[in-house]
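Read through the structure below, which is laid out as structure tokens, and then see the notes.
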Amino acid sequence: MDDISNLIREAKPLYFKRKRRKNALKAGSALAALMLLVFAFIPQEQGNYTSYWDLGTGELQTSSAIEELGLPVDDYGLLKVC
């Protein structure tokens with residue numbers, strides 16, 4: 001019985017060291033996967049565009065699409081209802 005107690009006492013720190021290493025590896029893997037997921041959805045600058053959402057040429061549009069159709073518009077380029 002004394003031999004078993006000695007073996008358990010000797011193996012206990014090794015067991016907890018392995019357990020801590022496994023938990024640290026799991027946490028590191030989860031953090032890396034989360035970071036990859038976050039970086040996958042961050043918009044990247046492409047070409048001459050200033051941002052992901054600005055896909056135009058950078059020029060301001062002075063007329064509205066409604067005005068180009070020949071319909072009456074107000075000062076804001078919205079359809080004028082008379």
Side-chain angles (χ1 to χ4, degrees):
M1 189 71 173
D2 192 37
D3 292 335
I4 295 174
S5 297
N6 287 337
L7 286 174
I8 292 173
R9 198 173 304 120
E10 190 177 323
K12 185 177 179 180
L14 298 174
Y15 169 77
F16 285 117
K17 184 178 179 181
R18 184 186 305 168
K19 188 175 179 180
R20 280 192 304 271
R21 190 178 325 137
K22 279 184 181 179
N23 287 340
L25 184 62
K26 286 178 189 177
S29 306
L31 182 63
L34 181 65
M35 294 297 286
L36 286 174
L37 185 66
V38 166
F39 285 127
F41 288 106
I42 291 178
Q44 301 295 321
E45 195 169 315
Q46 300 174 358
N48 296 331
Y49 306 125
T50 57
S51 71
Y52 182 77
W53 303 108
D54 181 25
L55 297 177
T57 59
E59 298 173 8
L60 293 175
Q61 188 176 2
T62 57
S63 64
S64 69
I66 299 172
E67 186 178 14
E68 290 174 4
L69 291 174
L71 298 171
V73 293
D74 60 2
D75 296 337
Y76 298 106
L78 300 173
L79 184 61
K80 186 185 289 187
V81 180
C82 298

query = In terms of hydrophobic clustering (I, L, V, M, F, W, Y; side-chain heavy atoms under 4.5 Å; direct or indirect links), are Tyr15 and Ile8 co-clustered?
reply = no
With sequence neighbours excluded, residues passing side-chain hydrogen bond (donor to acceptor under 3.5 Å, both in side chains) with Asp2 = none
query = Does any pair with a residue in residues 17-37 pass side chain to side chain donor-acceptor pair (under 3.5 Å), and if so which ones, sequence neighbours excluded?
reply = none
For a quick test of your reading: what N or O donor-acceptor pairs under 3.5 Å do the side chains of residues 69-82 make, sequence neighbours left out?
unit_1: Asp74; atom_1: OD1; unit_2: Tyr76; atom_2: N; d: 3.2
unit_1: Asp74; atom_1: OD1; unit_2: Gly77; atom_2: N; d: 3.2
unit_1: Asp74; atom_1: OD1; unit_2: Leu78; atom_2: N; d: 2.8

ask   = If you measure from CZ on Phe39 to CG on Leu34, what distance do you get to the nearest 0.5 Å?
value = 10.0 Å
